[in-house]
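For clarity, every value in this text was computed on a predicted model and none was experimentally measured. Numbering of residues begins at 1 and proceeds along the displayed sequence.
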Amino acid sequence: MSDTPSASGSPGGTVVGTAAASQAGAAAGSGSASVAAAEVALLVAIQQALVRPSASGRQRRAVMSAARGLSHFGEHSIGWFAAGLAGAAVDRRRRGQWLTAAASVVGAHAASIVVKRVVRRRRPQDPAVEVGVATPSRLSFPSSHATSTTTAAVVYSKLTGRTLVPVVVPPMLASRLVLGVHYPTDVLAGAALGGAIGAIVRRRLAGPS
């Protein structure tokens, strides 16, 4: 065997390896920063589109009030859970199905919380983002409101025979952006997660659509 030290084992090789690792880390950090900046820019653009700077104070207050109302309704999935309980009270023949659907909404919310604690993405904090409501946590991905709302829309569509997803999901997703508490990918991921959970539960629900 040769007695010549390898490049990685020599002082020069160590320096080169360290420099390469530093450059790779810097590139990764730069890429992450670019993505974050792009998301902030998109969020600001969406806020300006939905709450136009040229709008009157009355119009802005109306939009923000509606967004906050949706936020409070969907907080911890309470509003959607209550809707399921109301369905169970009115539709006694399918009470068990309504209770299953209501429980799935709470389960979807819980699933989003688990993902949040794994990902640990922080909510928007850029000065350009207007924040319009307080939140129970600082974690952002995915949106729990989007998750539980989409699950509720999917399973309640099955039980009511109505197409609820395009009616209730977009307004909830938009409200989270208007209020500045989520990035666009937060609400999209939440809707995807909620849709997947809702589809699984919907297949388990018996009875006519």
Side-chain angles (χ1 to χ4, degrees), residues 32 35-36 38-40 42-43 46 50 66-67 69-88 91 94-124 133 135-209:
S32 298
V35 171
E39 281 239 70
V40 169
L42 179 57
L43 176 55
I46 292 173
L50 296 177
L70 285 171
S71 177
H72 295 320
F73 180 85
E75 196 70 68
H76 303 301
S77 71
I78 291 175
W80 298 118
F81 180 67
L85 295 182
D91 188 1
R94 297 186 297 174
R95 176 175 295 175
Q97 297 171 47
W98 277 103
L99 292 177
T100 296
S104 74
V105 173
V106 178
H109 174 79
S112 72
I113 297 300
V114 170
V115 177
K116 277 185 176 181
R117 291 181 177 177
V118 171
V119 177
R120 306 199 69 80
R121 183 187 201 186
R122 294 291 182 176
R123 293 186 188 274
V133 70
T135 57
S137 81
R138 297 180 181 179
L139 301 181
S140 178
F141 184 96
S143 164
S144 295
H145 280 71
T147 304
S148 60
T149 296
T150 306
T151 296
V154 172
V155 296
Y156 294 164
S157 290
K158 174 69 175 179
L159 295 173
T160 62
R162 301 179 181 275
T163 304
L164 301 177
V165 172
V167 177
V168 302
V169 174
M172 183 62 80
L173 269 58
S175 74
R176 305 309 285 165
L177 301 177
V178 166
L179 295 173
V181 292
H182 282 290
Y183 294 104
T185 50
D186 296 338
V187 297
L188 293 177
L193 176 60
I197 294 172
I200 293 171
V201 176
R202 180 173 175 141
R203 286 196 294 267
R204 296 177 177 271
L205 295 176
S209 60

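Between Leu85 and Leu99 the shortest side-chain heavy-atom distance falls below 4.5 Å. Residues Pro124 and Val40 have side chains not in contact (no heavy-atom distance under 4.5 Å, counting atoms from C-beta outward). With contacts defined as side-chain heavy-atom distances shorter than 4.5 Å, the pair Leu43/Leu177 qualifies. Side-chain atoms of Ser157 and Arg162, non-hydrogen and from C-beta on, never get closer than 4.5 Å to each other. Arg204 places none of its side-chain heavy atoms less than 4.5 Å from the side chain of Thr100. Contact annotation: the side chain of Pro136 approaches that of Glu75 to within less than 4.5 Å [non-hydrogen atoms, C-beta and beyond].
Taking the side chain to side chain contact (heavy atoms under 4.5 Å, CB included) definition, one finds that Phe73 meets it with Trp80, sequence neighbours left out. Take Ala67 and apply the side chain to side chain contact (heavy atoms under 4.5 Å, CB included) test, not counting sequence neighbours, and it matches Ser175, Val178, Leu179. With sequence neighbours left out, the side chain to side chain contact (heavy atoms under 4.5 Å, CB included) criterion links Ala83 to Tyr156. Applying the ring pair (Phe, Tyr, Trp, His ring centres under 6.0 Å) rule to Tyr183 yields no partners; only residues at least two apart in sequence or on another chain are considered. In this structure, the side chain to side chain contact (heavy atoms under 4.5 Å, CB included) partners of Thr163, at least two apart in sequence or on a different chain, are Pro166. Residues satisfying the ring pair (Phe, Tyr, Trp, His ring centres under 6.0 Å) criterion with His76, sequence neighbours excluded, are His109. Take Ser112 and apply the side-chain hydrogen bond (donor to acceptor under 3.5 Å, both in side chains) test, not counting sequence neighbours, and it matches Ser144.
Between the CZ atom in Arg202 and the CD atom in Gln97 there is a gap of 12.0 Å [rounded to 0.5 Å]. Taken from OG in Ser140 to NE2 in His182, the straight-line distance is 5.5 Å, to the nearest 0.5 Å. Taken from OG1 in Thr147 to CE in Met172, the straight-line distance is 11.0 Å, to the nearest 0.5 Å. We find the CG-CG distance between Leu70 and Leu173 to be 10.5 Å, quoted to the nearest 0.5 Å. With values rounded to the nearest 0.5 angstrom, Thr135 atom OG1 is found 4.0 Å from Arg123 atom CZ. The OG1 atom of Thr151 lies 6.5 Å from the CG atom of Leu193; values are rounded to the nearest 0.5 Å.
The salt bridge (charged side-chain N to carboxylate O under 4.0 Å, His left out) analysis of residues 182-196, with sequence neighbours excluded, yields the pairs Arg121-Asp186. For the salt bridge (charged side-chain N to carboxylate O under 4.0 Å, His left out) condition, no pair includes a residue of residues 188-199, sequence neighbours left out. The salt bridge (charged side-chain N to carboxylate O under 4.0 Å, His left out) analysis of residues 135-146, with sequence neighbours excluded, yields no pairs. Residue pairs that meet the salt bridge (charged side-chain N to carboxylate O under 4.0 Å, His left out) test with at least one member in residues 96-117, sequence neighbours left out, do not exist here.
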